[in-house]
Amino acid sequence: MQLVQMSHHFSQVLLQRKKANVILLDCTKAFGRIPHGIIVDSLSKHGVTDRLLALFSDYLRGRSQRVMVDGYFSDGQPVKSGVPQGLVLGPTFFTVAVNSLSTCVKLTVLQYADDVVLHRTVSSENIHLRMQLDRARAENFVWPKRETSTEN
């Protein structure tokens with residue numbers, strides 16, 4: 001459906017002899033980067049409440065990971081972002097979280113799985129500056145800077 005919407009929009013822009021600015025984001029690595037708090041807040045904003053929200057929150061939070069080298073395990077490190085690999089709800093959690101992207105950019109947002117298209121019809125010459133700002137906001141939303149932690 002998103003492809004049909006995008007094709008229709010761009011054909012209309014061409015028929016009107018206008019231009020469109022487009023940002024294509026491949027969010028393949030983003031599944032592991034969205035902080036748990038954003039996922040849980042997004043679920044709450046989409047109507048997940050009470051015990052089900054608490055269940056999802058507990059499932060995501062409090063996880064740790066460690067590695068084994070030459071038969072020795074490292075200390076566990078907290079996992080504060082992403083969804084566990086193989087989780088059936090992982091793509092749904094990601095989609096719900098990324099749906100909030102439209103609140104921080106002033107572009108039309110189309111999403112299919114881990115691909116996101118942001119676009120806008122060019123209406124003035126200074127739109128390029130606004131597009132750059134929206135691109136930076138979108139990148140920061142999808143790929144937030146990693147928190148540095150001194151916890152042991």
Side-chain angles (χ1 to χ4, degrees), residues 1-65 77-151:
M1 187 64 177
Q2 302 294 3
L3 182 59
V4 172
Q5 280 184 315
M6 189 172 65
S7 297
H8 176 71
H9 173 77
F10 294 137
S11 66
Q12 294 300 310
V13 169
L14 289 173
L15 286 172
Q16 296 170 9
R17 299 198 183 279
K18 292 185 178 180
K19 297 177 185 177
N21 284 345
V22 181
I23 299 171
L24 304 170
L25 300 174
D26 178 6
C27 303
T28 305
K29 302 281 185 197
F31 273 90
R33 301 282 309 259
I34 297 178
H36 294 154
I38 289 178
I39 296 170
V40 172
D41 288 346
S42 295
L43 288 168
S44 176
K45 289 176 185 172
H46 282 82
V48 178
T49 59
D50 304 326
R51 289 160 81 184
L52 186 57
L53 185 63
L55 175 72
F56 289 150
S57 179
D58 289 346
Y59 184 77
L60 291 171
R61 294 183 175 149
R63 293 183 168 273
S64 64
Q65 64 185 13
Q77 296 296 313
V79 177
K80 298 180 180 179
S81 62
V83 294
Q85 290 182 355
L87 177 65
V88 174
L89 291 172
T92 302
F93 285 170
F94 178 77
T95 299
V96 167
V98 173
N99 276 343
S100 302
L101 177 62
S102 63
T103 63
C104 72
V105 296
K106 294 184 175 31
L107 301 167
T108 301
V109 178
L110 300 174
Q111 178 191 356
Y112 180 75
D114 61 356
D115 295 315
V116 177
V117 177
L118 308 170
H119 67 86
R120 174 189 294 157
T121 303
V122 176
S123 58
S124 67
E125 291 302 318
N126 67 353
I127 198 145
H128 302 295
L129 296 173
R130 285 185 275 163
M131 283 293 286
Q132 289 177 355
L133 179 62
D134 280 340
R135 189 199 81 206
R137 287 182 185 146
E139 287 177 350
N140 190 46
F141 181 89
V142 176
W143 297 287
K145 292 181 175 49
R146 293 248 186 226
E147 293 180 28
T148 54
S149 175
T150 57
E151 299 172 9

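To the nearest 0.5 Å, atom NZ of residue Lys80 and atom OG of residue Ser64 are 12.5 Å apart. Taken to the nearest 0.5 Å, the NE2 atom of His46 stands 9.5 Å off from the OG1 atom of Thr95. Rounded to the nearest 0.5 angstrom, His36 NE2 and Phe56 CZ are separated by 13.5 Å. Expressed to the nearest 0.5 Å, how far CD1 of Ile23 lies from CG of Asn21 amounts to 8.0 Å. Atoms CZ and CD1, on Arg61 and Ile39 in that order, are 9.5 Å from each other to the nearest 0.5 Å. Considering CG of Leu55 and CG of Leu43, their distance stands at 11.0 Å, rounded to 0.5 Å.
Using a 4.5 Å heavy-atom cutoff, the side chains of Leu60 and Val83 are in contact.
Contacts of His119 classified as side chain to side chain donor-acceptor pair (under 3.5 Å), with partners at least two apart in sequence or in another chain: His9. Residues meeting the side chain to side chain contact (heavy atoms under 4.5 Å, CB included) test with Ser44, sequence neighbours left out: Leu53. For Leu133, the side chain to side chain contact (heavy atoms under 4.5 Å, CB included) partners are Arg137, not counting sequence neighbours.
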> Does the pair Ser81 and Ile34 meet the rule for a side chain to side chain contact (heavy atoms under 4.5 Å, CB included), with working shown?
Replying inline: CA-CA 5 Å; Ser81 62; Ile34 297 178; 5.9 Å; no

>> Could you walk me through whether Val116 and Val109 satisfy the side chain to side chain contact (heavy atoms under 4.5 Å, CB included) test, starting with their C-alpha distance in whole Å, then the side-chain angles of each, then the deciding distance to 0.1 Å, before giving a yes or no?
In response: CA-CA 7 Å; Val116 177; Val109 178; 4.0 Å; yes

> Can Gln5 and Leu110 be said to form a side chain to side chain contact (heavy atoms under 4.5 Å, CB included), step by step?
Replying inline: CA-CA 8 Å; Gln5 280 184 315; Leu110 300 174; 3.4 Å; yes

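Partner of Phe10 under the side-chain contact (heavy atoms from CB on, under 4.5 Å) criterion, chosen from Leu15, Thr121, Val22: Val22.
Not a single donor-acceptor pair under 3.5 Å links the side chain of Ser7 to the backbone N or O of Val4. Within the 3.5 Å criterion, the main-chain N or O of Tyr59 finds a donor-acceptor partner in the side chain of Arg63.
Scanning both residues, Ile38 and Ala97, for their nearest heavy atoms gives CG2-CB, 4.3 Å.
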